[in-house]
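Just so we're clear, the structure is a prediction, and the values are computed from it rather than from any experiment.
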Amino acid sequence: MTAEQYVNAIVKKIQCGKNRRQEIRQQLLSDISVQTAQGRTLDDVIQQMGSASEIAESFNEDISEAERKKYRRAKRLKIFVSTAAVLALLAAGVSLYLPKSTPIEKSAYFQKDAVEACMKETVALLDAGSYAALQERAAPKMQPVLTDARLSSAKKQLSENWGERKSFGKCYLTELSQFGRHFAVGEITAVYEHVTVTYRLTYDADLKLTGLYMR
């Protein structure tokens, strides 16, 4: 293992902004360089410093909770944007080319508030077990999936007893387009009495449901 590989493994686990991680990286490389210049082997230096996880955790303890939350929020959004493209491919039946992503605020086809309201309505119908009403609000290709048996089974895989819904988390939205077709893809978390569920929902330009994923 080289010094850079060791330091990169540490920095990767530190929950802070890019600039601060770069500062920590340079600091660690400098410390290691000083010690090896004094005649110590790299293996001895690494052994004394400890594992990458241990060092990263010590840095994380000194990072404010606000900065750590900002880091986790940015990471979740990055994951959402990358996986939303895959979800849209499945829901829309498109082929090998990735769709174009556009911030929902710049969309000419979707209003952010309208899509968010539609998402909460979808969740409410799922909570109430109103699957027939949900089918009416879905695109034709999606309707056969929205059966009592399938949805009840999917919900039980997360928890046998969800309890009443208590609140919604922040809603994340983006627009995806390909071959002249436009989709709004959103992610929202709902907190229930006994479980927390994240919904990933996709709608076409008519706000018909074309994709549903729960975790």
Side-chain angles (χ1 to χ4, degrees), residues 12-13 15 53 56-57 60-61 63 65-94 99 101 104 110 112-176 183-204 206-215:
K12 185 177 180 181
K13 299 176 184 294
Q15 300 180 5
S53 296
E57 184 58 33
N60 285 332
E61 289 175 357
I63 294 172
E65 185 60 27
E67 187 171 359
R68 293 174 71 172
K69 284 183 178 179
K70 183 178 179 180
Y71 165 84
R72 291 193 291 267
R73 188 163 54 247
K75 187 175 181 180
R76 283 197 300 269
L77 183 58
K78 182 178 179 180
I79 293 172
F80 163 67
V81 170
S82 62
T83 56
V86 178
L87 175 63
L89 285 172
L90 295 174
V94 295
S101 176
I104 201 72
F110 300 100
K112 181 178 179 181
D113 291 345
V115 177
E116 184 171 348
C118 200
M119 291 175 67
K120 291 180 178 179
E121 180 185 41
T122 297
V123 173
L125 291 174
L126 286 166
D127 291 345
S130 302
Y131 304 137
L134 190 60
Q135 287 178 338
E136 293 177 0
R137 291 162 173 78
K141 289 185 178 180
M142 190 69 182
Q143 290 174 359
V145 180
L146 304 175
T147 63
D148 190 330
R150 289 191 178 187
L151 292 174
S152 296
S153 175
K155 291 169 73 173
K156 285 181 180 179
Q157 289 181 22
L158 297 177
S159 176
E160 289 286 342
N161 180 17
W162 291 24
E164 294 295 321
R165 174 163 37 88
K166 298 298 183 182
S167 63
F168 281 113
K170 184 175 176 60
C171 180
Y172 296 94
L173 290 166
T174 190
E175 179 194 328
L176 296 173
F183 299 88
V185 184
E187 182 172 287
I188 193 168
T189 297
V191 179
Y192 297 84
E193 289 180 302
H194 308 300
V195 67
T196 297
V197 180
T198 298
Y199 295 89
R200 230 175 255 148
L201 305 170
T202 307
Y203 300 90
D204 63 18
D206 296 320
L207 290 183
K208 293 289 187 179
L209 183 67
T210 61
L212 166 63
Y213 175 69
M214 297 181 289
R215 63 176 173 81

Give the C-alpha distance, both sets of side-chain angles, the deciding distance and a yes or no for side-chain contact (heavy atoms from CB on, under 4.5 Å) between L126 and L212.
CA-CA 11 Å; L126 286 166; L212 166 63; 4.1 Å; yes
For S152, the side-chain hydrogen bond (donor to acceptor under 3.5 Å, both in side chains) test, sequence neighbours excluded, returns D148
Just how far is it from atom CG of L134 to atom CE of M142, taken to the nearest 0.5 Å?
8.0 Å
If I take atom CG from residue D206 and atom CZ from residue R137, how far apart are they, to the nearest 0.5 angstrom?
14.5 Å
Y199 OH to K120 NZ distance, which is reported to the nearest 0.5 Å
13.5 Å
For E136, enumerate each residue passing the side-chain contact (heavy atoms from CB on, under 4.5 Å) test, keeping only those at least two apart in sequence or located in another chain.
none
Closest non-hydrogen atom pair between A139 and K208, with its separation
N-CB, 3.7 Å
Within the distance-only criterion (no hydrogens, no angle test), does the side chain of T122 pair as donor or acceptor with the backbone N or O of C118 below 3.5 angstrom?
yes
Applying ring pair (Phe, Tyr, Trp, His ring centres under 6.0 Å), which residue pairs with at least one partner in residues 135-160 are found, sequence neighbours left out?
none
At their closest point, which heavy atom of K166 faces which heavy atom of E193, and how far apart are they?
CE-CG, 3.3 Å
I'd like to check the side-chain hydrogen bond (donor to acceptor under 3.5 Å, both in side chains) partners of T189; sequence neighbours left out, ordered by chain and number.
T198
Going from CD1 on I188 to CZ on F168, what distance comes out if it is rounded to the nearest 0.5 angstrom?
5.0 Å
Applying side-chain contact (heavy atoms from CB on, under 4.5 Å) to N161 and not counting sequence neighbours gives H194
Can you check side-chain contact (heavy atoms from CB on, under 4.5 Å) on F110 and L207, steps first, answer last?
CA-CA 9 Å; F110 300 100; L207 290 183; 4.1 Å; yes
Of all the heavy-atom pairs spanning M119 and G186, show the shortest one and how long it is.
CE-C, 3.5 Å
Residues that K112 engages under side-chain contact (heavy atoms from CB on, under 4.5 Å), provided they are two or more places apart:
I104, E105, L173
L209 and L146: side-chain contact (heavy atoms from CB on, under 4.5 Å), yes or no, with the steps?
CA-CA 10 Å; L209 183 67; L146 304 175; 4.1 Å; yes
Rounding to 0.5 Å, atoms CD (E187) and OH (Y213) come to a distance of 9.5 Å
For the atom pair CZ (R215) and CD (Q157), what is the distance rounded to the nearest 0.5 Å?
15.0 Å
Output yes when a side-chain donor or acceptor of Q143 lies under 3.5 Å from a complementary backbone atom of Q135, and no otherwise.
yes
Quick note, salt bridge (Lys or Arg N to Asp or Glu O under 4.0 Å) partners involving residues 149-162, not counting sequence neighbours, are none
Which pairs, with at least one residue in residues 123-133 and sequence neighbours excluded, count as a side-chain hydrogen bond (donor to acceptor under 3.5 Å, both in side chains)?
D127-R165, D127-Y192
